[in-house]
*Asks:* 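Got a structure for you, questions after.
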There are 2 protein chains.
Amino acid sequence: MTNVPTGYDKHAFEPFAVTVDLAVFTVRADALQVLLVERALDPYAGSWALPGGFVLPRESAEAAARRELAEETGLPGDVVEALHLEQLRTYSDPDRDPRMRVVSVAFAALVPDLPEPRAGSDAAQARWVRYADAEPLAFDHDRILRDARDRVRAKLEYTGLATAFCPPEFTLGELQQVYETVWGTTLDRPNFRRKVLATPGFVEPADGPRRRTAGRGKPAALYRAGGAGALHPPLLRPGGKGGGPR
Amino acid sequence: MTNVPTGYDKHAFEPFAVTVDLAVFTVRADALQVLLVERALDPYAGSWALPGGFVLPRESAEAAARRELAEETGLPGDVVEALHLEQLRTYSDPDRDPRMRVVSVAFAALVPDLPEPRAGSDAAQARWVRYADAEPLAFDHDRILRDARDRVRAKLEYTGLATAFCPPEFTLGELQQVYETVWGTTLDRPNFRRKVLATPGFVEPADGPRRRTAGRGKPAALYRAGGAGALHPPLLRPGGKGGGPR
DNA sequence: CCAAAAGTGTTAGCGTTACACCCATGC
DNA sequence: GCATGGGTGTAACGCTAACACTTTTGG
C-alpha cells in the first residue's frame, strides 16, 4: 500500500473497472454443466460467456456476484444467499477486455439440479451447457471456466462441497453420483458409503426413507449436509491421489 | 460481463483503485517471518503494513506484485522474477480503505533466508517480523496475513512449495526444518526422508556434500527442487490429516 | 422370479508410524 | 570419547481397495 500517487487523489491514476465473472456449476443428466449467457451488448455480442457484471460503488465483489446471479437466473433471493460461492482468483491482464482496463474477480458457484434459468435482464438468453461443450467463450472465459472446474474437482477431495450439488435432503447414491460425474470416475459403493459416514460432519441422517437415485431398487436413507467444511480424512480420487495444483 | 452501464463509457461508473498486497514469508531463526513496512504516508501513517502498491495502467496484478517486491526489498530483478508468487484472493469490502474505493489483490511470496530488506522507496522502513508478532497491521492486513499463512501451511502438504523457502541447494534436514517451523510440529526424520525421496519430482540430488543445518554432525547430501508442482502422495500433517480449509 | 439399487461383511495389501541402530564429523 | 546431525532397517498398526453377499423394492 505504498507508492501512492500524489497522496491518494481520486483522479491521479487511470481508473479501473472491476467486474465479477461466475462459473455456476450443476450436475444434471450425468454431466457437469455450467450456466452460460449469450451476450447482447457489443464486445463479443452474440457470443456465449460466463454470467457476471460490474461491481457497484458500495458493493463487495461477493455481493456483486450474488446480485448478478439472482438477476441472471431468476432464483429467489434466499436461495442465492444460501448457495455456495467461492472466490477463485482475479484476472488482471491489461488486454483481457478490448475496450478498456477491466479487472475481474472470478467465482465458482454450485447449485443443485432444479433451477432452469430464464433469460436474464441483460443477456439475450441463458442456459445450461455441458462443460465439455462450453468452449469457445468470450473474453478469457475459457481459461476462467477451466480454472473453476479444476478447483471444484480438487475441493471435492478435502471439503464437503459435493453436498452443494445436492438438494437439501439426498441419498448417498446421489452424493456418489456427484463425485463420479465431476471426477469422471467410478467409485466402489460400499467403500464410498463407509468413508462418507466415517467422516465426522460430512453428512447427518434425516428422517423418512425414500427411493430416488433412480426409479427402482431398495429405498435409500436420506441425509443432510453436515456442518464440517474440511474433511478428515479426505476422500481421495482413485487415479493419482493428492490435491492438484491450484 | 453483462449489465454494462451505458455501453462501456469509461466514466459512466465510479472508478476503482486496484492495488496489490504482499505477504512475503521466510523461515529464519526457527520461526516463520513476514516482511513488513512502516507506512510513511497518511492513511495509517506510522503503522506497520504488508508491502504493496497500486497496479499501473498497463500492468497485470502479478507484474505489479513483482515490481513492488523488487522496490521494497532491493532484491535483484532475476531473483524476484524467479521466486514463487501465489495469488491468494481479492479483498473488496467497500470500506476497507477509509479514503476511497480500493480493491486489493493479495499475494503470498516465499523466499529463502538470505535477504535483509533495505528501506524501500516509499516506506519509512522495512523489516522481517515473526508471524506471531506481526499484528496489529494497517487496513485489513491482519486478515490478509492470516489467510496467507493458512494457505502456505496447507500447500506444504500437497505441493513442493517448501523448497521455495530453501536456497537453491539444500539438505533434507533444512527442508524438514521448514516443515517443522511452518507447521509448528516435529517430524520423524527417517520417515520424512523416505517420504520426500519417494515422491517423484519433489527433490533431485545435487553434487558435493556439505554440512549445514547446524555446525555439527555428519555432512549431508544436497538436493535441488524438483520440477513437480503437486506431490503424489501428499505429505500430511501429523495432527488432523487432510488439507485445512482455505 | 428377476432386475436394480441399498446396505453389510471380510480379507489382502500397502502405506505410515514408531523406534532401534549405525555413520561421519567437530570439539 | 562424546555430542550432534545424517542415514538405514524393520515390525506393528491402520486404512483402503476389492469383492462376495444379503436386503428391499418394482415389474
Side-chain angles (χ1 to χ4, degrees), chain A residues 30 156-158 166 169-181 183 185-200 202-223 231-243, chain B residues 30 156-158 166 169-181 183 185-200 202-223 231-243:
Chain A
D30 282 331
L156 290 201
E157 286 193 324
Y158 52 89
C166 296
E169 300 200 331
F170 52 87
T171 70
L172 293 186
E174 291 165 338
L175 186 65
Q176 183 175 348
Q177 284 222 14
V178 168
Y179 276 93
E180 292 182 336
T181 301
W183 283 349
T185 59
T186 60
L187 299 171
D188 183 81
R189 188 165 33 79
N191 293 336
F192 178 82
R193 165 183 210 77
R194 264 186 296 261
K195 262 179 162 174
V196 169
L197 295 179
T199 304
F202 192 2
V203 299
E204 48 192 40
D207 316 288
R210 210 154 90 208
R211 78 151 19 107
R212 307 201 59 178
T213 310
R216 282 192 289 290
K218 180 175 174 177
L222 291 178
Y223 294 85
L231 260 36
H232 300 289
L235 211 109
L236 299 175
R237 266 174 280 193
K241 45 189 354 186
Chain B
D30 282 332
L156 289 201
E157 286 194 321
Y158 53 90
C166 296
E169 301 199 331
F170 52 87
T171 70
L172 293 186
E174 290 165 338
L175 186 64
Q176 183 175 348
Q177 284 222 17
V178 168
Y179 275 93
E180 292 182 335
T181 302
W183 284 349
T185 59
T186 61
L187 299 172
D188 183 81
R189 186 164 33 79
N191 293 336
F192 178 82
R193 166 182 211 78
R194 263 186 295 260
K195 263 178 161 173
V196 169
L197 295 179
T199 303
F202 192 1
V203 299
E204 48 192 41
D207 316 286
R210 210 153 92 208
R211 78 147 20 108
R212 308 206 58 179
T213 312
R216 282 190 291 289
K218 178 176 174 177
L222 291 178
Y223 295 86
L231 259 37
H232 301 290
L235 211 111
L236 299 175
R237 268 174 277 193
K241 48 190 349 189

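Just so it is clear: chains get the letters A, B, ... in the order the sequence lines come, proteins before strands, and each one is counted from 1. Here the structure is a predicted model, which means the values were calculated and not measured.
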*Asks:* Which residues satisfy the side-chain hydrogen bond (donor to acceptor under 3.5 Å, both in side chains) test with E169(B), sequence neighbours excluded?
*Replies:* R224(B)
*Asks:* To the nearest angstrom, how far is L236(B) atom CG from dT16(D) atom C1'?
*Replies:* 14 Å
*Asks:* Do Y223(B) and F170(B) have ring centres separated by under 6.0 Å?
*Replies:* no
*Asks:* Can you sort out the partners of R216(A) under salt bridge (Lys or Arg N to Asp or Glu O under 4.0 Å), two or more places apart, ordered by chain and number?
*Replies:* none
*Asks:* Quick one: L235(A) CG to dA17(D) C1', roughly how many Å, whole number?
*Replies:* 13 Å
*Asks:* Mind calculating the distance between CD (Q177(A)) and C1' (dA6(C)) to the nearest angstrom?
*Replies:* 14 Å
*Asks:* Residues two or more places apart in sequence or in another chain: which of them pass side-chain hydrogen bond (donor to acceptor under 3.5 Å, both in side chains) with E180(A)?
*Replies:* Q176(A)
*Asks:* Could you tell me whether the phosphate oxygens of dG6(D), OP1 or OP2, come under 4.0 Å of any side-chain nitrogen or oxygen in T213(B)?
*Replies:* yes
*Asks:* Nearest whole Å is fine: how far is dT17(C) C1' from R193(B) CZ?
*Replies:* 18 Å
*Asks:* Please collect all salt bridge (Lys or Arg N to Asp or Glu O under 4.0 Å) contacts where either partner lies in residues 186-198 of chain B, sequence neighbours excluded, each pair once.
*Replies:* none
*Asks:* Mind checking side-chain contact (heavy atoms from CB on, under 4.5 Å) for T171(A) and listing every partner two or more places apart, or none if nothing turns up?
*Replies:* E174(A), R212(A), T213(A), A220(A), L222(A)
*Asks:* Rounded to whole Å, please give me the gap between CZ in R237(B) and C1' in dT16(C).
*Replies:* 18 Å
*Asks:* Which whole-number value in Å describes the distance from L187(A) CG to dC19(D) C1'?
*Replies:* 16 Å
*Asks:* For dT17(C) and K195(B) - does any side-chain N or O of the residue sit under 4.0 Å from the phosphate oxygens OP1/OP2?
*Replies:* yes
*Asks:* In the 5'-to-3' direction, what one-character label does each nucleotide of nucleotides 18-27 of chain C receive under the scheme B = base within less than 4.0 Å of a protein heavy atom, S = sugar-phosphate only, - = no such atom?
*Replies:* BBB--BBBS-
*Asks:* What integer distance in Å separates Y223(A):OH from dA6(C):C1'?
*Replies:* 10 Å
*Asks:* Would you mind reading off the distance between E174(B) atom CD and dG5(D) atom P, rounded to a whole angstrom?
*Replies:* 13 Å
